[in-house]
Novice: 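Encoded as structure tokens, here's the structure I'll be asking about.
The chains referred to below are lettered A, B, ... by the order of the sequence lines, with proteins before strands, and numbering in each begins at 1. Everything quoted here is computed from the prediction, not taken from an experiment. The basis for the numbers below is simple: all heavy atoms, side chains too, and nothing from hydrogens, waters or symmetry mates.
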There are 2 protein chains.
Amino acid sequence: MTSPIAPESDGDARRRPPGMTDVARLAGVSQKTVSRVVNNERYVSEELREKVLRAAAELGFRPNTAARALITGRFKRIGVVSLGSALYGPASMLVALERATRAAGLSFMVANTPEGQPEAVQESVDWLLAQGVDGIILSEPKDEGQHLRPDAGVPIVSLGQAADLPAEHVALARGRTAASCREAVEHLLDLGHRQVWHIAAPQDWWEGRERLEGWAQAHRARGIEPPPPLQGDWTPAGGYAAGRLLPPEATAVFCANDDTAIGLARALHEAGRRVPADVSLVGFDDIPAAAYLTPPLTTVQQDFEGDATHALEHLLRLLPGAAPREATPAAPRRRLVVRASTAPPLTE
Amino acid sequence: MTSPIAPESDGDARRRPPGMTDVARLAGVSQKTVSRVVNNERYVSEELREKVLRAAAELGFRPNTAARALITGRFKRIGVVSLGSALYGPASMLVALERATRAAGLSFMVANTPEGQPEAVQESVDWLLAQGVDGIILSEPKDEGQHLRPDAGVPIVSLGQAADLPAEHVALARGRTAASCREAVEHLLDLGHRQVWHIAAPQDWWEGRERLEGWAQAHRARGIEPPPPLQGDWTPAGGYAAGRLLPPEATAVFCANDDTAIGLARALHEAGRRVPADVSLVGFDDIPAAAYLTPPLTTVQQDFEGDATHALEHLLRLLPGAAPREATPAAPRRRLVVRASTAPPLTE
DNA sequence: AACGGGTCTGACTACGCTGTCAGGCGCAAC
DNA sequence: GTTGCGCCTGACAGCGTAGTCAGACCCGTT
């Protein structure tokens, strides 16, 4: 700023970050050779390789992903559509997906669906496509993913059901959740309960529907008519509200998730009904707090890491140029964790 | 597949997505005009604009962000370094940051730090820089962010303390958490408790240190010597373990977070001590379950949305070409929510 | 009639990188 | 001595977009 006339003084000019050309000049090689070193291509002498690496380190060179993506047409990035929610389940799934993605050398971008908008999923997909992704995972547990335009141009897989997608784009086997729920309800029936009530998740979440379905299946398999389901909303508040509607003759309840069970437990406590003596409770998720509630909560433990890895591998298999991968090691498992919130019904 | 010899038949050839050139050809204009329309530049006649938009829609044109980033040098993307954790606090902050970022028209990329690695934060920052971001927010609540190389080339702001960063890169005022904690502890002292115990978070988290600091401050302000803090780890399990070490004379405990309080409550229950009659409990976070525990938990409610918006605006102000923004509307607030887990000590 | 300025449009170029291709070298096979 | 083939290197083109600049046109003013 000493000489107002000096054009673009070199001092504080916003200098662009170094490129391969700069590295090449410093190392005394061609730009293409730098490219080869950076990408670990064959046919570079050890001598030049080291010279290039030294020059790159000295300049603090970082390859420009935009330029690379422009020419290769690949972003090495996958997008995830998720409900914007800090609920334990969705949040854990996101963490697991991020871990799996990065382990695969890909980057990871989330788009949360604004709540309550009918076209929210399509909008998030568009957003991800606009940002540039090679594939999309719908972690969105609601139904809105059912109506996607088919012209995305990249593979899309769903963690659950999504009517519009071809069957091979559904990453996790349908009915898996239902089977776990069925097991949980059977545990209660085995204890001697005549029937098991259910505080359901919203039925426009497919995950919620599956949990209800498994609960109903367990009854029907034994020729029992399930009681009418109560309506929850995944939250403790919803569980509490539903709990106040629970009829006095109920002796066992299967909740759509642990948070619901917490709310229900509170409602029961206020009504003077003891858990598990008067009412047995089963949740779903095995949140960290579940083992430390009073009483500790019987629940179904999920395998988010396994699910995430499974879904990602499924997606990678659909990507162009996918190496033919061997069969997925093992389907993720869920298991019932029996704690003190379940007991046989009181014999009167 | 009918003719195995046909070289690259046009049918299923992976055709690249349409570009501005294709749109231009269809609309009968130059590529530059398409660029102008897409970017809402001035000096395009309404007639051409509509023709271009029609052509773009017909081809399903999506601007190529890689090419745009290549030429502008900006990615319109910010990165967030976070602990990979589904803990309520971190997860809520991520959701809030995503929302704020997208509202600002930017995209958003998370890098979770692998646990337990000393250089984890630097590594995540490098990862984000390699992906291409215009700025970075450290949501990482641990200390490892203190030793960042200064040559990032993009602005970095921290949600908390990070010794290496210039002061103006710390987005949230230091001591804010401490003040809230102090208020929580004062609530207990005001109820008549002689002293308040603390189950601390790990002290290599600055957030954990601040919570301990506020607790200690509340004592010292009244000339009381605080009891030695017990060591927790944010989890119910940690709270439970610490709770078993809580001396019998303790009548009030301030927990580093709600999960810790849940574990502590369990330990107290097993020891036959009632909450709040024998021991009062205060948590931190106001997780959704807090109001539905038995007893409902007194706790400090956070303002993740506010914090996220605040931090993002702080970052945007550091970006080159930042419009001079008016002062941030209002500092995010936290407030104490008093529920049934706190009461005066029993008068013996 | 000539001029100046605002409006509109397109040709050209550069961004940083990877793909393609050609060429030089050394070595073994004929 | 020639040929052929691996190994190594660099020149060149081009990915899809935005910046620059020149030019065409229209208008109102001198």
Novice: Name all residues meeting the side-chain contact (heavy atoms from CB on, under 4.5 Å) criterion together with A:Asp126; count only those two or more places apart in sequence or in a different chain, and write none if there are none.
Specialist: A:Gln122, A:Leu129, A:Arg149, B:Arg62
Novice: Identify, with sequence neighbours excluded, every residue that meets side chain to side chain donor-acceptor pair (under 3.5 Å) alongside B:Thr65.
Specialist: none
Novice: On DNA chain D, reading 5' to 3', which nucleotide is the first and which the last to sit with an atom under 4.0 Å from a heavy atom of chain A, could you check?
Specialist: D:dC7 to D:dG16
Novice: Among residues 29-43 of chain B, which ones have heavy-atom contacts with DNA chain C below 4.0 Å?
Specialist: B:Val29, B:Ser30, B:Lys32, B:Thr33, B:Arg36, B:Tyr43
Novice: With sequence neighbours excluded, what pairs up with A:Gln31 under the side chain to side chain donor-acceptor pair (under 3.5 Å) test?
Specialist: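 Counting only residues at least two positions away or on another chain, A:Gln31 forms no side chain to side chain donor-acceptor pair (under 3.5 Å).
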Novice: Got a sec, which pairs hit salt bridge (Lys or Arg N to Asp or Glu O under 4.0 Å) with one end in residues 20-33 of chain A, sequence neighbours left out?
Specialist: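 Output for this query lists A:Arg16-A:Asp22, A:Asp22-A:Arg25.
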Novice: Do B:Leu48 and B:Val37 make a side-chain contact, defined as non-hydrogen atoms from C-beta onward lying under 4.5 Å apart?
Specialist: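 No, side chains not in contact.
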Novice: Report the residues that fulfil side chain to side chain donor-acceptor pair (under 3.5 Å) with B:Thr101, sequence neighbours left out, ordered by chain and then residue number.
Specialist: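 Here no residue qualifies.
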Novice: Reading DNA chain C in the 5' to 3' direction, which nucleotide is the first one with an atom under 4.0 Å from a heavy atom of chain B, and which is the last?
Specialist: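 The contacted stretch runs from C:dT7 to C:dG16.
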Novice: Sequence neighbours left out, what passes side chain to side chain donor-acceptor pair (under 3.5 Å) with A:Arg54? Give chain and number order.
Specialist: none
Novice: Show every salt bridge (Lys or Arg N to Asp or Glu O under 4.0 Å) that has at least one partner inside residues 91-101 of chain B, sequence neighbours left out.
Specialist: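 Found B:Glu98-B:Arg102, B:Arg99-B:Glu305.
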Novice: My understanding is that only residues two or more places apart in sequence, or in another chain, count here; which of them pass side-chain contact (heavy atoms from CB on, under 4.5 Å) with B:Ala104?
Specialist: B:Leu106, B:Leu312, B:Leu316
Novice: When rounded to the nearest 0.5 angstrom, what is the spacing between CG in B:Leu94 and CD1 in B:Ile137?
Specialist: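 Rounded to the nearest 0.5 Å, the CG-CD1 separation comes to 10.5 Å.
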Novice: Would you say the side chain of B:Asn112 lies within less than 4.5 Å of the side chain of A:Phe108, judging by non-hydrogen atoms?
Specialist: no
Novice: Can you pull out how bent the helix from C:dA1-D:dT30 to C:dC30-D:dG1 is, comparing the axes over its first five and last five pairs, to 10°?
Specialist: 60°
Novice: Rounded to the nearest 0.5 Å, how far does CG of A:Leu53 lie from CZ of A:Phe61?
Specialist: 11.0 Å
